[in-house]
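Structure, as C-alpha cells:
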Number of protein chains: 2
Amino acid sequence: MGMNLLAQADMIATAGSNGVSVSKHESMTQRAYRIIRADIISGARPPGERLRIEMLKTIYDIGPTPLREALQKLSTEGLVLALEKRGFMVSPLDLDEFSDLNIARIEIEKVALTRSIALGDSQWESRVVAATYLMNKEDAALLASGNGVSDVWEAANAEFHATMIAACGSKWLLQMRDHLQDMCERYRRSSISQSIRKTGDGKRDVGKEHAAISNAVLARDAGLACQLTESHYMKTLDRLKRDLKMVTKPKP
Amino acid sequence: MGMNLLAQADMIATAGSNGVSVSKHESMTQRAYRIIRADIISGARPPGERLRIEMLKTIYDIGPTPLREALQKLSTEGLVLALEKRGFMVSPLDLDEFSDLNIARIEIEKVALTRSIALGDSQWESRVVAATYLMNKEDAALLASGNGVSDVWEAANAEFHATMIAACGSKWLLQMRDHLQDMCERYRRSSISQSIRKTGDGKRDVGKEHAAISNAVLARDAGLACQLTESHYMKTLDRLKRDLKMVTKPKP
DNA sequence: CTTTTAAATATTACCGATAAAAATAAGGAT
DNA sequence: ATCCTTATTTTTATCGGTAATATTTAAAAG
C-alpha cells in the first residue's frame, strides 16, 4: 500500500557522506550525478568546460538520458550552467561569487554553532571530545611531518567542524552548510594553492586554532566559539582569494 | 566565440521572481519544472501523490524525457522524492520537518537582516521606506475590509520582507532564504488554515508589527529588528503548527 | 492465513528524428 | 584589399518513442 512505500523511501533517504545515497543497484542517473559532481568539485572537470553529451557518453559509458538528468540536477545546485539550446557547461569561477559563497557559509556556520552550543546534550559533548581528540592527533602529525595535509587530516578536519554544529537541531541548516561548503571546495581545489597545501601554511598553527575552538565550544561560550571559527575560516579564505585572482575570469 | 557564450549565459541567468528564467522559447524541461513546481507549492499536487510519467504526460502534454528531467531537478530541491525504480512522488508533509524548515528560515533571515542593516546604503533605505509605505497601505486595506488577505497584500508582504534583507551582500544567502520560504509556503498552503486567512488572525495587528520592524530597521537597530521579525514569523508559525497536525501523516 | 507464482503495470535507459545554433564560406560594400 | 553581411553547411541539443527490466498487484496453492 502507500505505507511501505514511505518506509522504503526513508531507507533510500538514508544518505552517505554528502546526501548521496549509495545503493547497490544505483540508477544510471544517480551514478552520473555522483561521479560528475565529484569530478567538478575536485577540478577534474575544469570551470567553464562545456559538457557535451556525446563526449560524456564515451567517457562515463552512460546513455544520454541519465546524463541529461544528472546535469539538470547539477544545474539546480549551481555547479553546472544549463544554456538554453546550447547544452551544459561547468559553472565558471568568479571571485565575487566566492566572497558571496563564503559569507553565506560562515554566517550559517555561526548560526548553527550557536544553536548547537545552546542545544547540545552530553552525548553531543562526548562526540565533540572524540572529534577533538582525533583532530589534535592529526594536527600533531601534520606539524611533525612537513608533508602538508593528507586525506586523513582532511577527513578529521571535516568531521571536527561537522561535529561542532551537529546539535543545531535543523537538518536543513546543516544541508545548506554542506552545499555551500561543496561549492567553496571547488574554488579551493581549482586554485593553484595546492602548493600552499604542500608547503604548509606559514607560521600558522592550525592545531592551536582547533583546540581553542573546541575549548570555547565545551565551555559553551557561543560568542567566542563563533569568533574563533570565523577567523579560522577567514585565514584560509584570504590566502585563497589572493591565489584565485589568477584562475578566475576577469570581470568585463 | 567562447566568450560570447559566457555573456549570453549571464543573460539567461538573469532570472525572474523565483530564480526561474522565463524565456520566450522556453525548453520543455524548464516548462515542466516551472509548472510542476508551482503546482506542488500551491498544493494542486498534494503531498504524497505519486507522479507517474504517463499521467503527467497527458496532463501537461509534455514528453517523458523533459518530465523526468524536471522531476529530478525538483528532487534535488526537496519538493519531490525520487524512489529508486519506483518513480517519483510529491514529498510528504512532516511536522518535524516543518519546524526544521522554519528554524533554518528564521535564522537565515535574521543573519541577512543584521547584515543588511549594517551594510545598507541610502538607496536601500529609500527602498525600505517605499516598501513600508505600500505595506502600510495594504495592511490598512486589509484591516478595513475584513475579507482576509488578498493577492496584492501577499505581494506587498513578500516585497516588504525581501527589501529588509536585500542589502545583506550575499546572493547565496538570499537564494537559500527564498528556497526555504518556498518550502514553508507549501506547508502553509496545504494547511486547512485557509480559514484563518479568511477570518483574519484574531486580535493580531499585523500592520503594527510591520511598522515596528520598519522602524527598527531604519533606526539601524539590528537586535530589535531581528527580535521583532522572529516573533512576527513565530506568530503565524504557531497557528500553522496547530492546524497542520491534521494534514500531516502521524509518526510511526 | 501465509506463501508462491504469474500477469500487468511502470520505470529506466537507449536510439533516432527534428530543430536550432555555430561554423564556415561566399558575396558585396566601403 | 579588408571588413562586414549573408547564405550554406555542419554540428549539436532537444525531445518523443520504444524495448528491456524491475516492481506491484492479484490470484492460486500449500
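Computed from a prediction, not measured in an experiment: that's the story for all the values here. Convention: sequence-line order gives letters A, B, ...; per-chain numbering from 1.
Remark: side-chain polar atoms of B:Tyr187 are not paired, donor with acceptor, to backbone N or O of B:Glu97 under 3.5 angstrom.
Relative to the ring axis of B:Phe88, B:Arg50 does not place its NZ or CZ within 45° and under 6.0 Å from the centre.
Minimum atom distance to the side chain of A:Pro64 is reached by C:dC15, of the listed C:dA13, C:dC15, C:dA10. Among the nucleotides C:dT11, D:dC15, C:dC14, the one closest to the side chain of A:Arg68 is D:dC15. Residue A:Pro66 places its side chain closer to C:dC14 than to any other of C:dC14, C:dT11, D:dA13. In this structure, the nucleotide among C:dA10, C:dC15, D:dA13 sitting nearest to the side chain of A:Thr65 is C:dC15.
Residue A:Ile62 contributes atom CD1, which lies 9 Å from atom P of C:dA13 at whole-angstrom precision. In this structure, A:Leu83 atom CG and C:dA20 atom C1' are separated by 14 Å, rounded to whole Å. Residue B:Asp61 contributes atom CG, which lies 10 Å from atom P of D:dG17 at whole-angstrom precision. Distance CG (A:Leu67) to C1' (C:dC15): 14 Å, rounded to an integer number of Å. Remark: P of D:dT24 and CZ of B:Arg52 are 11 Å apart, rounded to the nearest angstrom. Rounding to whole angstrom units, CD1 of residue A:Ile53 and C1' of D:dA13 are separated by 8 Å. If you take CG of B:Leu56 and C1' of D:dG16, they are 15 Å apart, rounded to a whole angstrom. Rounded to whole Å, atom C1' of D:dG17 lies 11 Å from atom CD of B:Glu54.
Nucleotides of DNA chain C nearest to A:Glu69 and A:Lys85 differ in position, and the one nearer the 5' end is that of A:Glu69.
One finds a side-chain N or O of A:Thr29 lying less than 4.0 angstrom from the OP1 or OP2 phosphate oxygen of C:dA13. Taking only side-chain nitrogens and oxygens, A:Arg86 never comes nearer than 4.0 Å to OP1 or OP2 of C:dA20.
Between A:Glu185 and A:Arg189 there is a salt bridge, since at least one side-chain N of the basic residue sits less than 4.0 Å from a carboxylate O of the acidic one.
Contact record, B:Ala104 with A:Trp172: CB-CB, 4.1 Å, taken as the closest heavy-atom pair.
For the residue pair A:Gln72/B:Gln72, the side-chain donor-acceptor check at 3.5 Å is not satisfied.
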